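These notes concern the structure reproduced below.
Bear in mind the structure is a predicted one, so any value in this text is a computation, not a measurement. In what follows, chains are A, B, ... by sequence order, proteins preceding strands, each numbered from 1.
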Amino acid sequence: MIQVQQIYKYFDDKCVNDNISLEIKQGTIYGLLGPNGAGKTTLIRMLATVTKADKGKILFHNEPLSTKHIPFIGYMPEERGLYRKMTVVDQLLYFAELKGIKRSDAKQEVKHWMNKLDIVEWADKKMEELSKGMAQKIQFVSTILHKPTFLILDEPFSGFDPVNADLVKDLIIDMKNQGTTILFSTHRMDNVEELCDQIAIIHQGKKILDGEIQSVRRSFFKNEYDLTFSSSDVSIPSHFNLANPVKTSINRSEYRVQLTESQSPQELLDFAYNTKSLIGFQEFVPSIHQIFVNQVSTK
Amino acid sequence: MKNIWVILKKEYLTRVKNKTFIVMTFLAPVLIASFYGGAIYLATTGAEDNTVRKVYISSNSDITNIKKNKIDNYLFLKAPVNKDTIYNQIEREEIDAWLDIQDLHVQTLDSAKLIVKKSLSVVQLSNLNKILRDEVHTELLKLSGISQTILDSTEIKGGIKMVEIDKTGALKRSNSELKSGIGFILAMIIYMFIFIYGSMVMRSAIEEKTNRIVEVIVSSVAPFHLMMGKVLGVALVGLTQFLAWIILSFGLLFGIGQFIKPDVGKTGIPPEAMGNNADLAGAQGFDFIQQLQSLPFGQIISIFIIFFLGGYLLYSSIFAAIGAAVNQETDVQQFMLPVSLPLVFGFIIAQSVVFQSPNGNLAKIFSMIPLTSPVVMVVRIPFGVPWSEVLLSATILFATFIFMVWVSAKIYRVGILMYGKKPTWRDFYRWMKQS
């Protein structure tokens with residue numbers, strides 16, 4: 001659905017997006033990861049038609065992305081705000097109208113969301129009278145009111161309290177189930193694993209890896225297995241390589257073993273089983289958090 | 001284009017529905033009128049220095065004998081012979097000045113000296129000069145054998161009345177003071193509106209930037225549309241307010257006209273005769289209203305609106321760009337001063353144009369320069385400006401506006417997403433080239 005092809009963006013002489021290519025499939029959730037200042041927001045702004053690339057192309061349904069696609073895009077920037085003196089309803093109607101929705105249709109949508117989020121009684125309040133959490137809800141509604149097919153969320157969970165963060169998470173899943181393509185950037189890796197189908201890590205303006213979340217994780221699998229025993233007396237035979245420091249306590253010991261190419265997991269399991277104290281056996285696939293930290297700190 | 005309309009509507013409605021706007025629309029004319037009324041009242045009464053100045057006068061002529069009485073605020077006294085006594089009295093501030101006139105029987109006052117402790121102001125000195133000249137002139141006439149009775153009977157009163165011929169060949173009274181007054185008020189309105197509404201546009205841009213709303217907006221509309229929606233929306237607010245003021249003033253004007261007319265009717269004096277009858281207060285009022293009503297208001301208002309819009313659009317697009325570039329309102333000053341200087345300068349020119357020559361070269365030149373033309377041209381309108389000149393000036397103004405919008409939109413586009421350091425003129429230039 002969205003193809004980013006060899007994008008370059010410069011600020012003065014500094015290259016903030018350096019030859020970035022991505023492909024976001026329809027109806028999926030794409031996570032854009034990277035440390036602060038990596039160039040995520042710059043890329044997101046180009047996808048949201050706020051700025052243009054200096055070089056390269058962005059395709060939206062195989063067409064070069066342009067302002068005509070604005071009605072199909074919903075964008076919630078990291079730095080967000082609303083008109084403090086406007087009422088909730090006026091604000092939502094204004095944003096919807098800017099996205100090209102007819103006022104009468106926009107009114108219907110506003111009503112629907114007000115009911116769904118149980119905020120009907122706040123409709124005629126000015127934004128400055130609302131709590132921060134309430135304003136956050138309104139902000140999110142204003143982003144999706146026009147039913148975008150491509151939703152861009154820059155750090156959607158930052159600044160949200162846990163209750164609202166969960167609400168946003170549920171709404172994101174809902175929208176995905178309805179066929180919306182979603183791109184979001186975040187620092188919170190738990191959300192990434194929970195929500196994303198695909199990810200890309202950007203560091204110092206360059207894409208350092210991308211792919212489907214499970215295949216990315218598997219690509220970092222080093223044939224390691226975690227074993228947990230209900231005894232502290234278990235010793236691992238020397239032909240198995242211990243990968244991690246051993247954790248032992250009274251009546252418990254944990255090991256991570258890296259198998260060689262000639263060794264099979266069954267072999268390790270057989271040994272463990274015979275100790276009669278095995279309580280846990282699982283392959284160790286690094287989490288996105290571990291991959292992220294590892295990739296960013298080594299490059 | 002649809003988005004410009006959506007933004008225009010929002011900018012217009014949020015402002016017009018605002019209570020402050022409604023109150024100010026009705027209150028501002030009253031406030032301005034009372035401010036000016038107060039200022040004029042103070043200028044004619046309070047500002048005047050009523051202290052009586054004692055002036056010793058010594059001369060070889062008879063003037064000292066004649067002029068021992070008070071003229072205006074000067075009390076002329078015959079000077080003692082001893083210079084030191086005079087100096088001492090001046091020093092002790094018992095006497096304000098000593099006017100020493102060596103030879104009065106000549107047509108020059110060059111030999112006259114005024115010895116003072118505290119200098120007189122320019123106006124005070126010129127008043128004193130006038131008093132002295134009149135007195136010497138009278139003295140010289142009397143010496144030539146012309147009696148006081150003849151002098152009194154030949155004193156001229158009143159002044160010239162101007163009469164204009166209109167297109168139909170009809171004659172009508174022309175009142176320069178009235179025209180100057182109207183021109184000045186119109187220039188004042190444009191000057192104030194540009195600043196008030198221009199900075200409204202600027203503040204709106206700053207608000208969107210500091211509240212971080214702008215990124216959401218520019219993901220929905222082109223920055224140019226956002227800027228134009230804002231500029232045009234606020235322009236409509238200004239026009240609405242202006243229209244309300246026109247309706248209020250016309251209502252008031254014709255109300256007064258109706259109120260005075262029946263009284264005059266009863267006297268049986270034909271209106272055209274009223275201009276010469278200075279003794280009737282009612283007739284004078286009617287004369288004024290008639291002169292006011294005889295002004296080509298259709299022409300004045302239409303030209304005013306053209307220049308009001310042109311001037312406002314030109315300046316507010318610059319203000320919008322400044323608003324988009326800065327991070328907070330306090331950063332605005334360094335950019336506002338050079339931008340508003342031409343307007344302030346134009347207003348000063350407009351003031352001198354009104355009272356000197358509304359159709360002179362200075363007036364013509366500055367009513368062609370787009371940054372000053374909105375205020376200078378409107379001052380000239382009541383005096384009659386050829387349509388060709390109005391058209392040329394308006395064309396230059398609107399062409400400059402289009403060019404400025406193009407430049408400002410470029411600065412606006414980049415500036416609006418720039419946070420952090422305070423921008424400089426160099427940044428403006430860079431952003432302009434960048435987008």
Side-chain angles (χ1 to χ4, degrees), chain A residues 9-12 41-42 44-52 54 66-87 90-103 106 126-128 135 138-140 142-143 145-146 148 150-152 154 159, chain B residues 1-21 200 203-226 229-230 233 324 327 410 412-421 426-427 429-431 433-435:
Chain A
K9 181 79 184 172
Y10 298 90
F11 287 144
D12 294 330
T41 297
T42 307
I44 279 179
R45 279 181 178 170
M46 288 188 276
L47 286 163
T49 71
V50 173
T51 54
K52 282 185 182 144
D54 292 325
S66 69
T67 47
K68 78 169 185 182
H69 298 115
I70 281 176
F72 306 106
I73 301 173
Y75 173 46
M76 186 166 81
E78 183 184 4
E79 299 280 5
R80 34 193 179 248
L82 296 161
Y83 293 101
R84 290 169 48 75
K85 300 274 175 202
M86 263 175 118
T87 65
D90 285 347
Q91 190 122 218
L92 290 174
L93 288 177
Y94 178 55
F95 284 124
E97 272 191 283
L98 285 181
K99 285 287 188 184
I101 299 191
K102 269 199 234 155
R103 205 172 166 83
K126 282 186 180 169
M127 288 311 298
E128 59 190 359
I138 307 295
Q139 184 94 53
F140 193 79
S142 75
T143 312
L145 198 69
H146 61 291
F150 180 38
L151 181 62
I152 306 168
D154 197 356
Chain B
M1 280 311 278
K2 189 175 169 278
N3 281 333
I4 294 184
W5 170 244
V6 175
I7 294 163
L8 182 153
K9 207 169 63 179
K10 180 240 161 195
E11 295 286 336
Y12 178 75
L13 289 177
T14 46
R15 284 184 170 80
V16 173
K17 282 183 189 167
N18 194 311
K19 277 181 204 133
T20 325
F21 174 84
M200 212 181 252
R203 273 201 308 278
S204 166
I206 297 175
E207 187 212 349
E208 281 178 354
K209 198 177 169 182
T210 49
N211 282 355
R212 312 275 175 164
I213 308 164
V214 73
E215 208 173 327
V216 178
I217 308 275
V218 292
S219 72
S220 308
V221 298
F224 175 73
H225 291 170
L226 174 61
K230 242 180 230 310
N327 297 307
K410 279 170 169 282
Y412 194 95
R413 239 179 79 160
V414 184
I416 208 142
L417 292 170
M418 290 286 177
Y419 291 97
K421 85 176 180 66
R426 226 175 121 223
D427 290 326
Y429 179 68
R430 219 158 36 87
W431 297 345
K433 279 177 69 183
Q434 196 176 319
S435 56

**Item:** Option in Val214(B), Ile217(B), Thr210(B), Val221(B) with maximal non-hydrogen atom pairs under 4.5 Å from chain A
**Value:** Ile217(B)

**Prompt:** Under the criterion side chain to side chain contact (heavy atoms under 4.5 Å, CB included), which of Thr51(A), Val50(A), Thr49(A) is the partner of Val218(B)?
**Reply:** Val50(A)

**Item:** Part of Phe95(A) within contact of chain B (heavy atom distance under 4.5 Å)
**Value:** side chain

**Shortest non-hydrogen contact between Lys99(A) and Ser220(B), atoms and distance** = CE-OG, 3.2 Å

**Item:** Proximity breakdown for Met86(A) and chain B, heavy-atom pairs closer than 4.5 Å
**Value:** side chain

**Prompt:** Can you tell me how far the OH atom of Tyr94(A) sits from the OG1 atom of Thr14(B), to the nearest 0.5 Å?
**Reply:** 8.5 Å

**Message:** Please report the interatomic distance NE2(His225(B)) to OG1(Thr67(A)), rounded to the nearest 0.5 Å.
**Reply:** 8.5 Å

**Fill in**
Pro77(A) and Val216(B) have their tightest heavy-atom pair at CD-CG2, 3.5 Å

**Request:** Could you check if a side-chain atom of Glu215(B) sits within less than 4.5 angstrom of a side-chain atom of Glu78(A), using non-hydrogen atoms only?
**Result:** no

**Prompt:** Considering only heavy atoms from C-beta outward, does the side chain of Leu98(A) approach that of Ile7(B) to under 4.5 Å?
**Reply:** yes

**Request:** Before accepting this row, confirm whether a basic side-chain N of the pair Glu207(B)/Arg84(A) lies closer than 4.0 Å to the acidic partner's carboxylate O.
**Result:** no

**Prompt:** Should the pair Glu97(A)-Lys10(B) be classified as a salt bridge under the 4.0 Å nitrogen-to-oxygen rule?
**Reply:** no

**Asked** Do other residues, nucleotides or ligands put more than 12 heavy atoms under 6.0 Å from the NZ atom of Lys52(A)?
**Response** no

**Message:** Counting only non-hydrogen atoms closer than 4.5 Å, does Thr143(A) touch chain B with its backbone (N, CA, C, O), its side chain (CB onward), both, or neither?
**Reply:** neither

**Prompt:** How many angstroms lie between CE in Met127(A) and CD1 in Ile213(B), if you round to the nearest 0.5 Å?
**Reply:** 9.5 Å

